[in-house]
Structures are given as C-alpha cells and as structure tokens.
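The structure appears right after this line, and notes come after that.
When a residue number appears, it is its place in the shown sequence, counting from 1. It should be emphasised that the depicted structure is a prediction, and the values quoted were computed from it without experimental measurement.
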Amino acid sequence: MLSGLHIKNIALIDRADIEFGEGLNVLSGETGSGKSVILDCINFVLGSKADRNMIRSGENEAQVTAEFEVEEGSYAAEKLREFDIDCEDGGIIISRKYSQDGKGSIKVNGNAVTAAMLKAVTMHLVDVHGQSEHFFLLDEKNQLKVIDDLCRDESAPVMGRLSALVGEKREIRRKVKEIGGDEAQREREIDLLSFQMEELEKANLSEGELDELLEKRHIFNNAENIATSIGEAKAAIDDDGGCTESLSLAIKKIASITRFSKLYEELLDRLETISSELDDVASLVSELYDGLDFDADEAERVDERISFIRSILRKYGSTEEAAIKYLEDGKKRLDLLLSSDMLMQRYTKRLAELDDAIYAACRELTDIRKRYAEDFCGRVEGELKSLNIPDARVEVAFEQYDEKSAELLSENGSDKVSFMFSANKGEPLKPLSKVISGGEMSRFMLAVKTQIKTDPKDISTYIFDEIDAGISGRTANTMAEKFIEIGKRTQILCVSHLPQVSAASDSQYLIYKEGAEGKTVTRLKRLSDEEKIDEIVRLTGSIDSKAARDHAKELVEEFRH
C-alpha cells in the first residue's frame, strides 16, 4: 500500500508530507483547492509524463517521493529483483525529480532507473481510476486477465494441461528446425557434410601438431648454424684442453689438500657435483650431435604437412582443436540428417496430434471463460445500476476462432476478448475504451473491483478520482458501502464530494488553500474525528448546527466497520 507521499514544489504545494493508512482514505476540499494536484503528484511519481508547468512558480525543481509497503513475494518486489534492486523489509521508496531545464531523475530504493523500468514496477502497485492514463481495464490483455482471475480454480487444470502440450510442441518444433529444410535441402547438406567429414578424418589432425611441425621447419631452415654450434660445443667440452679435462684436473688438485681444511672438502664436493652434471651435459651434446640428420626429403614432407593443415584450418577452424570439434559436431549432424526422414515422419505425426489436443484444450478453456464472463457481466450490471447507471449493459465479446485460426502456441489459450459497454438505453454495445466517460469509467471500475478476486501479490492501492459526479441519496450510500467492502482487502485513495463516502472513511484528509509569505499555497491535513464531522457537515451543505453535527455523526456510525 501507499504509506507516505512527500511533495516539494509542485503547482501551489511548496511542501507536503502525507501519511496514508489502510482501508479507505478520502480526500476532500473546496472546488479549486488542489485535489487534482495531489493525484497529479501520484501519477508523476508512478511514471506519467513530466511537464515544466507542474513546477511551482519561482522554483527550479520539483520532487515527489512515494513510500510503499509490499508483501515479500509481491509482483512489484519480484520485478525489482529482476532489476537487481533490493526490496528489504517489504519497502519500496520511489523518488522522482524534474527541473526547469527538462532534466529529471528517478530512483527506486536509491537506485537510478528509467521511466520504463519505473512503470514496470508501479503497474503492480497502484491503479488510478479517473482522469489519468492508468486505465487498467482499457487494455484488452488485462480484460482477459480479469476473467481468468475469476475462473482460476476451475481453469487451472486445463491451463496446466495446455501448458504441457504447448511446451512439448515447442520442443518438437525446435527439433524439426534443428533438422531443417526440405528433403532436397537435407540431401544437399548430407552430401556436403559427408565430403567434409571424410576430408577431416583423412587429415587425422591432433592438437599441437602444427606447432611441432613449425618448430621442426625452423630447425631445418637453420640446419647449418645448429650443426656448427653443437659441434663447437661438443669440442669445448670433450676435446683435449676442454672443460671436462680442466675440471678433472681441478678436482685432483683440490682432493690433495682436503686434509687441511673442511672448506676444501666442501669445495671438492661442489666440483664433483659440477663434474657429474657436466658428464650429463656432455652425453646430451654428443647425442644431439650424433643425431643431427637434416634430411631434405623430411624437410619437404614437413612443409607439405604444414601447408595441408593450414588449408584444412582455413575451412574448418583456426586451430586443430576447432577443426576436431567441427568434425565431432559434423558427425552428429550427419547422423541426425541420415535419420531425418524417419524422424520427420514421427515429428509430423506428433505435431498433428498435439495441435488437436491443444485446440481441444483451448475450446475447453474458452467454454469455462464464457460461463464466468456471463455471470460476471450480470453482477457488474447490477453494481452499475446501484451506482446510478441504471441502463448499463456489459458484455464480454469473445473473438471467434477455429482450428485453422486458433493460436496453438499460446499457453493462455486462443481467446481474445473485449469488454463491451453501453450506458444508455437504446445505445449499441461498443468496446469499453471507445464509449465510456471518465465518471462512468471510475464507477465501472468500482463495480468491477467489487466483484473480482484480489491477487494478494498484485496491486494493493486503488485510486478513484471524483467518481461521484451526479450521485446522491441512496446511490451515494451504495457507493460508500462498496468502498468499505473493497477497502477491507485493498487500500483506497478517493477524491470525493460525497458526505457518505467521507463518513465511511478510515482516514479523512482536507485539501485547502491559504496565504503564506505573499503567495497562495495548497495544504493537506489529516483530520481528527471531530474535524471529520466538521467536513461532513460542510459536504452536506448544511449550516453548522447541533442537528447537522448529529446527522454527520449518524452517518459515521452507519458506516462504522
């Protein structure tokens, strides 16, 4: 629910801090006092288009902050999690600023968001009914959702079965797409893959082979220099006067003096270690020298293999690993294509069976929806009659479909619906969005909200803007009773001129103007019980007297709940 609204520099409001309560919150005031400004502020913070004209005269920037309390698993909280925004302790704080230079900012729980992200969250927080763009029921997708909310218990098994069937169909279509093409296209792909797989298998690639071959070629290309260097190294180690002979002499000389000092013994140990290592090096150099074989034929074979591998890699991947992977995937694809005729026959047959089953489930779902829609329309018409639209007619029009035109890939069935409405006798039914006025729309929404179930995870605040135009007497009582009924499960903010609605309120607010520092400002005040009686007296148009106050108190007692 909307627990707090903080306004700064909007129209005639310099600053306002409002706390709203549960149940029915009623805003009233003289004509022109600024009631619409409060709703404009709410619409602004919910994501409606900003306008420089809304900024208070003489100020550079306007700001509205709204505080909401939501359930942990609510749709709004889930949407925030999708945006990686925390919703700790069930609180959502939205702050929006707009300046004279046309720049603005939006933050949700301290995180900057776009207008689109904001609307994605607030659509699950508030429904505004009146002179605003938040007309939930004008969207035909939401109209179907209303019917589905009504028949959820009965339709759930059908929708579960439909979801499973559609899921299987999508999987088979994915497999068919994986096979791809018609028979001729598949044959061409089989020929190409067969050639490629044969070429790759004959290539007999192994990871790292190209690097080894390139190293070999580098050796071949520097054969003369390598042979000279290894030969000279061998001579320096093994020839007369070489380091082996010199080291041997050094060992003999040091060995002759070890008896004189421990340091000489340690030196001898180190020389003998070096001698052992040198023997290994000498052996390796000799092996390398003896193994020198710069065969021209082998060098040519290396060059040819390098050229061949590079030609393969140009076609099948930049590395041996990529080419080997191409071979593995190609074999799987080829196996799939070689068995495609049998698979396609099986898939085609199953898809036909699924289409029949999906269509049957869609028809079953449509029948359920139509039954609930007919009952719903009758009840809404009854509500509208009690709300002073006596000739109201409501119908849910279902778009006709057959097996060819049905939407057989939707888990929600094939239904497209339109709420049809006529307010006056003799007028034909027309789509709701094309015939309904602002006042009628608000009363229509009130009638609907009285009848539908409320999803505890969804919208928790309804706002009704002056839906009482032309209403008085018993109809006003009926409207107040309906607000009470809805307010038991959902918070309501209502701008009203009806004393009955004010009497039914859980919280009453007065919007008024006053002078401050040479300027006119709009103020909002939460009324005490006694001040609420004063306001009810004013709304009745009576002179403030004991009789008028007694009557106001009687009204409050009548709606006490």
Side-chain angles (χ1 to χ4, degrees), residues 71 73-76 123-129 134-163 166 360-387 389 392-401 406-407 410-422 429 431-433 436 440-462 464 478-479 481-492:
E71 297 293 331
S74 68
Y75 296 138
M123 69 178 290
H124 297 297
L125 291 172
V126 179
D127 261 349
V128 181
H129 308 293
H134 284 67
F135 276 179
F136 176 83
L137 273 191
L138 298 187
D139 186 334
E140 291 184 352
K141 289 182 293 186
N142 293 328
Q143 294 175 0
L144 182 59
K145 184 177 182 297
V146 168
I147 303 303
D148 282 342
D149 286 343
L150 292 168
C151 64
R152 187 186 306 128
D153 293 343
E154 186 173 344
S155 64
V158 181
M159 295 189 79
R161 187 167 74 251
L162 183 58
S163 178
V166 169
C362 286
R363 296 305 325 178
E364 187 176 351
L365 184 58
T366 297
D367 290 342
I368 294 171
R369 285 168 168 165
K370 282 184 174 180
R371 281 193 287 105
Y372 279 84
E374 184 177 358
D375 176 68
F376 167 74
C377 289
R379 288 186 283 117
V380 170
E381 284 180 0
E383 296 285 353
L384 289 171
K385 285 177 173 59
S386 69
L387 290 169
I389 310 181
R393 287 187 297 138
V394 181
E395 184 178 300
V396 178
F398 284 75
E399 188 174 303
Q400 296 297 316
Y401 66 89
E407 175 52 74
S410 169
E411 297 177 357
N412 198 41
S414 294
D415 289 315
K416 294 179 182 178
V417 304
S418 178
F419 280 18
M420 309 294 285
F421 179 76
S422 172
L429 288 161
L432 188 65
S433 59
I436 201 160
E440 290 169 344
M441 183 66 202
S442 293
R443 278 180 273 175
F444 185 90
M445 284 304 306
L446 181 59
V448 169
K449 294 300 182 184
T450 306
Q451 292 300 320
I452 65 174
K453 300 176 183 177
T454 303
D455 187 339
K457 297 199 299 180
D458 209 352
I459 291 164
S460 59
T461 300
Y462 296 144
F464 293 92
T478 302
M479 177 171 286
E481 289 165 359
K482 295 188 189 309
F483 277 136
I484 290 171
E485 185 177 343
I486 298 171
K488 290 177 182 177
R489 59 183 186 269
T490 308
Q491 182 193 43
I492 297 175

Using 0.5 Å steps for rounding, measure from the CD1 atom of Ile147 to the SG atom of Cys377. 6.5 Å
The reported gap from OG1 in Thr490 to CG in Asp127 (rounded to nearest 0.5 angstrom) is 10.0 Å
First locate atom CZ of Phe464, then atom NZ of Lys482, and finally report the distance between them rounded to the nearest 0.5 Å. 12.0 Å
Do Val380 and Phe444 have side chains that get closer than 4.5 Å, going by heavy atoms? yes
side-chain contact (heavy atoms from CB on, under 4.5 Å) for Val448 and Phe376? Distances and angles first, verdict last. CA-CA 9 Å; Val448 169; Phe376 167 74; 4.0 Å; yes
Give the C-alpha distance, both sets of side-chain angles, the deciding distance and a yes or no for side-chain contact (heavy atoms from CB on, under 4.5 Å) between Ser155 and Tyr372. CA-CA 10 Å; Ser155 64; Tyr372 279 84; over 6 Å; no
Who passes salt bridge (Lys or Arg N to Asp or Glu O under 4.0 Å) against Glu399, sequence neighbours left out? none
Crowding at NZ, Lys385 (>12 non-hydrogen neighbours, <6.0 Å): yes
Out of Leu144, Val417, Val146, which one pairs with Val396 under the side chain to side chain contact (heavy atoms under 4.5 Å, CB included) rule? Val417
Shortest non-hydrogen separation from Cys362 to Tyr401 and the atoms involved: O-OH, 3.1 Å
Can you name the nearest heavy-atom pair linking Phe398 to Ala373, along with the distance? CE1-CB, 3.9 Å
Sequence neighbours excluded, the answer for side chain to side chain contact (heavy atoms under 4.5 Å, CB included) partners of Glu481 is Arg474, Phe559
Please enumerate all residues that pass side chain to side chain donor-acceptor pair (under 3.5 Å) together with Ser418, with sequence neighbours excluded. Glu140
Sequence-distant partners of Asp375, salt bridge (Lys or Arg N to Asp or Glu O under 4.0 Å), two or more places apart: Arg379
By salt bridge (Lys or Arg N to Asp or Glu O under 4.0 Å), which residues pair with Glu411, not counting sequence neighbours? Arg170
Listed partners of Asp415 passing side chain to side chain donor-acceptor pair (under 3.5 Å), at least two apart: Thr366, Arg369
Could you measure the distance from the CD1 atom of Ile368 to the CE atom of Met159? Nearest 0.5 Å is fine. 10.0 Å
Who passes salt bridge (Lys or Arg N to Asp or Glu O under 4.0 Å) against Glu381, sequence neighbours left out? none
Of all heavy-atom pairs linking Leu162 and Asn412, the shortest is CD2-C, 4.2 Å
Would you please say whether a donor-acceptor pair under 3.5 Å links the side chains of Gln491 and Ser460? no
Would you please name every residue forming a side chain to side chain contact (heavy atoms under 4.5 Å, CB included) with Ala392, sequence neighbours left out? Leu384, Ile389, Phe421
Salt bridge (charged side-chain N to carboxylate O under 4.0 Å, His left out), that's the test. Do Lys145 and Asp148 meet it? Break it down for me. CA-CA 5 Å; Lys145 184 177 182 297; Asp148 282 342; over 6 Å; no
Separation between CD (Glu395) and CG (Leu429), nearest 0.5 Å, reads 5.5 Å
Glu407: side chain to side chain contact (heavy atoms under 4.5 Å, CB included) partners, not counting sequence neighbours: Leu409, Ser410, Ser414
Can you tell me how far CG of Leu432 sits from OG of Ser422, rounded to the nearest 0.5 angstrom? 11.5 Å
Who are the side chain to side chain contact (heavy atoms under 4.5 Å, CB included) partners of Ala76, not counting sequence neighbours? Ser74, Ile92, Val121, His124, Leu125
